[in-house]
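Worksheet: the structure to be examined is printed underneath.
A quick note: this is a predicted structure, and the numbers were derived from the prediction, not measured. Letters A, B, ... are given to chains in the order of the sequence lines, protein chains preceding strands, and every chain is numbered from 1.
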Number of protein chains: 2
Amino acid sequence: MNVTLRQLRAFTAVYRTRSITRAARELGITQSATSLLIQQIEAQLGVRLFDRSTRAVQPTRAADEAFHAAERMLSDAQVLSRRMRDLAEARAGRVAFLASAGAASALLPRVLAKFRAAHPAIEIDIRDVAADDLVPRMIATDAEFAIGSVEGEISEMTVETLTSGRLSAIGRRTAEFAARRSLTWDELAQQPTIAMRSDTRIRMQIDLALGLEGKRLTPTYEVTLINTALAMTAQGLGLAILPATMLPADQFPTLIAKPLIRPAITRPVSLLQRQGRTLSPAAQAFVAVARTVLASRT
Amino acid sequence: MNVTLRQLRAFTAVYRTRSITRAARELGITQSATSLLIQQIEAQLGVRLFDRSTRAVQPTRAADEAFHAAERMLSDAQVLSRRMRDLAEARAGRVAFLASAGAASALLPRVLAKFRAAHPAIEIDIRDVAADDLVPRMIATDAEFAIGSVEGEISEMTVETLTSGRLSAIGRRTAEFAARRSLTWDELAQQPTIAMRSDTRIRMQIDLALGLEGKRLTPTYEVTLINTALAMTAQGLGLAILPATMLPADQFPTLIAKPLIRPAITRPVSLLQRQGRTLSPAAQAFVAVARTVLASRT
DNA sequence: GACATTCATAGGGAAAGCTCATGAATTGAT
DNA sequence: ATCAATTCATGAGCTTTCCCTATGAATGTC
C-alpha cells in the first residue's frame with residue numbers, strides 16, 4: 001500500500017489544529033477515524049508524526065517537514081479538481097478549429113460574438129485555411145473540428161451540415177432588385193456579374209451544376225476573395241454570385257441577396273469532426289452555439 | 001468523495017501507455033480494476049479523460065492538462081515517502097542539542113566521530129553553553145536533548161546518567177605518578193594544583209563534598225576552562241582536579257588521571273530530554289551512539 | 001470469416017473505512 | 001482531594017469500497 005490523500009488530509013488537519021478531535025470535526029468524520037488515519041500514515045511513512053498524550057498532540061520534526069509537502073499535494077489536488085471542473089463546464093479552456101476562409105469571414109463573426117459572451121474565458125484559435133486545404137489540414141493537425149463546405153464523405157470523420165446557403169445574386173438594395181423574389185441564371189447573364197474564380201470550390205460547384213443543365217456562367221469579373229466580390233458589388237460594379245450565407249448583413253448593409261433558380265444550387269456549410277473522438281467541453285459549447293446561430297439562417 | 005492517488009496512478013499509467021491493459025500490468029492490478037479507476041476519476045473530475053473504443057484509448061485535451069498535475073502529485077508523494085523513510089532510518093535529518101562546555105570539549109569529540117561515521121548525512125548542531133545555562137536553555141529552546149551535568153530532578157524532563165567520572169588528579173605520566181592507583185585529597189594538598197574556579201559547577205560540587213568532611217581545597221591555580229587546566233597540567237604546572245571523563249586522551253596523550261579518594265566524588269554526565277516527547281530518529285541514533293561510547297568509560 | 005486483442009460490465013468475496021461504545025489519562029473546578 | 005470534563009486510543013460491528021474472475025461486445029488481423 002501507499003500513502004493516501006485521505007491520510008494527508010487528516011495529517012494536515014491535525015497538524016494545524018494540534019488536536020485530533022478538532023481535526024475530526026473539520027474533516028467531518030469521527031475522532032476515532034481520524035486517530036486511525038494518523039496511525040496509518042505514520043505506519044506508512046515509517047515515522048512518528050505526533051507525540052500524543054491523552055491530552056495533547058505535539059508534532060514532531062518529521063511532521064514539520066512533511067506538512068509542507070502534504071499541503072502542496074492537497075492544494076495540487078484541489079487545483080486539479082477545479083481546473084477540470086472549469087474545463088468540463090466550459091468556463092476555461094481553449095477551442096482550436098479550422099475554418100475555410102469563406103466561413104471564417106461571413107459566418108463566424110456572429111458565432112464568435114455569441115460564444116464569447118457566454119464563455120468569456122475560453123481561448124479561441126481559428127485557423128482559417130483555403131477551402132481546398134480544409135480536409136487535409138484537418139487530418140494533419142490537432143484541430144478538434146472544422147467548419148466549411150465539404151463534399152461527400154470523409155473516412156474517420158463525421159460531417160454534419162450546419163446550414164446551407166442557396167447560391168444567390170447579391171446586389172444593392174434598389175427598388176427594382178428588392179422587389180424580386182429570385183433570379184434565374186439566364187436573367188443574370190444580362191447583367192454585369194462578379195463571381196469567384198474558376199479554381200475556387202464555390203465556382204467549381206457552380207460550373208458543374210450549370211454544366212449539367214447545358215448552361216455556362218460568364219462573369220464580368222472574377223475574384224478570389226469573397227470580401228472583394230462583396231466590396232465590388234457594394235460599389236455597384238455588378239451582382240455578386242455567392243451563397244446567401246456568405247453575405248454578412250452588418251458589414252454590407254446596402255446589399256441584399258436573391259436566390260438564383262433554374263437551377264437552384266445550394267452550398268452546405270458543414271461541421272467536420274473526427275469519428276470516435278469527443279470534443280472538449282469548450283469545443284462542444286462552441287459547436288452548440290454555431291448550430292443555433294447558423295440554423296436560424298437559410 | 002474526492003480524487004485519490006490511486007486513481008491518479010491509474011490515470012498516468014493509462015496516459016503514458018495509451019492502453020488500459022498495459023497500464024494494468026504496470027500497476028500490478030487487473031485490467032478491469034484499471035478500467036474502473038479511470039471511470040472513477042472521470043466521474044470525480046467531471047471530465048472525460050480518454051476517448052475509449054473497444055480497441056484504443058485516446059487521451060483528451062483535458063487529460064493532457066491533468067497529466068502534468070498528476071505526475072507532480074505522484075512525484076511529491078514519492079519524495080515525501082522517501083524523505084520520511086530517510087528520516088526514520090536516520091539517513092537524513094538534523095540533530096540539534098545542547099552541551100555544557102565541558103562535555104562538549106572532552107566527551108563529545110569521540111561521540112561525534114563515531115556518529116558521523118555511521119550517519120554521514122545528518123546535520124549536527126551543537127549548542128555549547130555554560131553549565132549553568134544548560135537547563136534554562138533546554139526549557140527555552142527547541143533543542144531535542146542536552147548533555148551535561150545536572151543535579152537533581154527537573155520537571156517535565158527526564159534525566160539519564162550516561163557516564164559518571166570520578167573526580168581525579170590529572171598529571172603527566174611520570175613513573176612515580178603512573179604507579180599510583182589513587183590519591184587522597186590530603187595528599188593532593190602537598191602539590192601544586194589546578195582547579196576550576198569557585199563559580200563553576202564542578203568546583204561547587206567539590207567544595208560542597210569536601211566541606212562535609214571538614215576539608216578544604218586550596219588550589220594553586222584557578223581557571224575557567226577545562227582545556228586551560230589540562231594545558232597547564234601538560235606543561236607541568238601542577239595536577240588538574242577534574243572528573244576523569246573530562247580528559248580527552250587523544251588530545252593530551254601525556255596526561256593520565258588517578259582517582260581522588262577520601263572522599264571519592266563522582267560527577268555524572270547526564271542526558272536530559274523532554275518528557276513525553278520522542279526524539280527524532282536522528283537524535284535517537286545520536287543518543288544511542290553517545291550511550292555506547294560513553295558507557296565504556298568509568 | 002475465424003481469431004486475437006482490447007475495453008466494459010456483472011457478481012462475489014476480501015479488505016478497508018467508519019461509527020459507536022468504552023477505556024485510560026489528564027486537566028481544571030468545586 | 002474529589003469530581004466532571006476533555007482528549008486520545010481501542011475494539012466490535014456494520015457499511016462501503018476494492019479487486020478479481022468470468023464474460024460480453026467491438027474491432028482489427030490473417
Side-chain angles (χ1 to χ4, degrees), chain A residues 1-45 47-60 63 77 155-158 274-278, chain B residues 1-45 47-60 63 77 155-158 274-278:
Chain A
M1 256 305 250
N2 229 312
V3 74
T4 68
L5 288 177
R6 183 165 215 79
Q7 290 162 3
L8 289 176
R9 254 185 282 278
F11 164 62
T12 57
V14 172
Y15 185 91
R16 274 185 283 99
T17 61
R18 298 275 192 276
S19 155
I20 292 183
T21 304
R22 280 194 293 276
R25 264 198 291 276
E26 191 178 304
L27 297 168
I29 58 178
T30 59
Q31 167 267 322
S32 58
T34 310
S35 177
L36 289 176
L37 284 171
I38 297 299
Q39 289 175 43
Q40 282 169 18
I41 192 175
E42 284 184 337
Q44 195 49 241
L45 297 176
V47 78
R48 173 157 277 262
L49 293 170
F50 298 101
D51 279 327
R52 325 203 251 300
S53 70
T54 53
R55 201 69 201 154
V57 171
Q58 184 73 339
T60 63
S155 71
E156 309 272 294
M157 302 268 174
T158 60
R274 278 176 244 279
Q275 211 155 35
R277 289 284 278 277
T278 53
Chain B
M1 256 306 251
N2 227 313
V3 74
T4 68
L5 287 176
R6 183 167 213 77
Q7 291 162 3
L8 289 176
R9 253 184 284 277
F11 163 62
T12 56
V14 171
Y15 185 91
R16 273 187 283 100
T17 61
R18 299 278 192 276
S19 155
I20 291 182
T21 304
R22 280 194 293 276
R25 264 199 290 278
E26 190 178 305
L27 297 167
I29 59 177
T30 59
Q31 167 266 322
S32 60
T34 310
S35 178
L36 288 176
L37 284 171
I38 297 299
Q39 290 175 43
Q40 282 169 19
I41 192 174
E42 283 184 336
Q44 194 50 240
L45 297 176
V47 78
R48 173 158 276 263
L49 292 170
F50 299 102
D51 278 327
R52 326 201 250 301
S53 70
T54 55
R55 201 72 200 151
V57 171
Q58 187 69 250
T60 63
S155 71
E156 308 272 295
M157 303 267 174
T158 60
R274 278 176 244 279
Q275 210 156 34
R277 290 282 279 277
T278 53

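Taking atom CG of residue Asp51(B) and atom P of nucleotide dC7(C), one finds them 13 Å apart after rounding to whole Å. At whole-Å resolution of the value, CD1 in Ile29(B) and P in dC7(C) are 13 Å apart. For the pair Arg22(A) CZ and dT7(D) P, the computed distance is 7 Å after rounding to whole Å. The CG-P distance, from Asn2(A) to dC18(D), rounds to 15 Å in whole Å. Atoms CG (Leu37(A)) and C1' (dC8(D)) sit 14 Å apart, rounded to a whole Å. For the pair Leu36(B) CG and dC7(C) P, the interatomic distance rounds to 13 Å; values are reported in whole Å. Rounded to whole Å, atom C1' of dC7(C) lies 16 Å from atom CG of Leu49(B). Rounded to whole Å, the distance from CD on Glu42(A) to C1' on dC8(D) is 13 Å.
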Original post:
How does protein contact run along nucleotides 21-30 of chain D, one letter per nucleotide 5' to 3', with B for base contact, S for sugar-phosphate only, - for none, heavy atoms under 4.0 Å?
Top reply: B----BBS--

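Shown here are the side chain to side chain donor-acceptor pair (under 3.5 Å) partners of Ser32(B), two or more places apart in sequence or in another chain: Thr30(B).
Annotation: side chain of Leu5(A) is not in contact with side chain of Thr4(B) (no heavy-atom distance under 4.5 Å). A heavy-atom distance below 4.5 Å is found between the side chains of Met157(A) and Arg274(A). Looking only at side-chain heavy atoms (C-beta outward), Thr60(B) and Thr278(A) come within less than 4.5 Å of each other. In this structure, the side chains of Arg18(B) and Val57(B) stay at 4.5 Å or more apart for every pair of heavy atoms.
Considering only side-chain N and O atoms, Arg52(B) lies nowhere under 4.0 angstrom from the phosphate OP1 or OP2 of dT6(C). Under 4.0 angstrom from either OP1 or OP2 of dA16(C) there lies no side-chain N or O belonging to Gln40(A).
With hydrogens and angles ignored, the 3.5 Å screen pairs no side-chain donor or acceptor of Gln58(A) with any backbone N or O of Asp51(A). The closest donor-acceptor contact from the side chain of Glu42(A) to the backbone of Leu49(A) lies under 3.5 Å.
Looking at which nucleotide of DNA chain C each of Gln39(B) and Arg25(B) is closest to, the 5′-most match is held by Arg25(B).
Proximity note for Arg6(B) (side chain, C-beta onward) versus dC18(D), dT9(C), dC8(D): the nearest is dC18(D).
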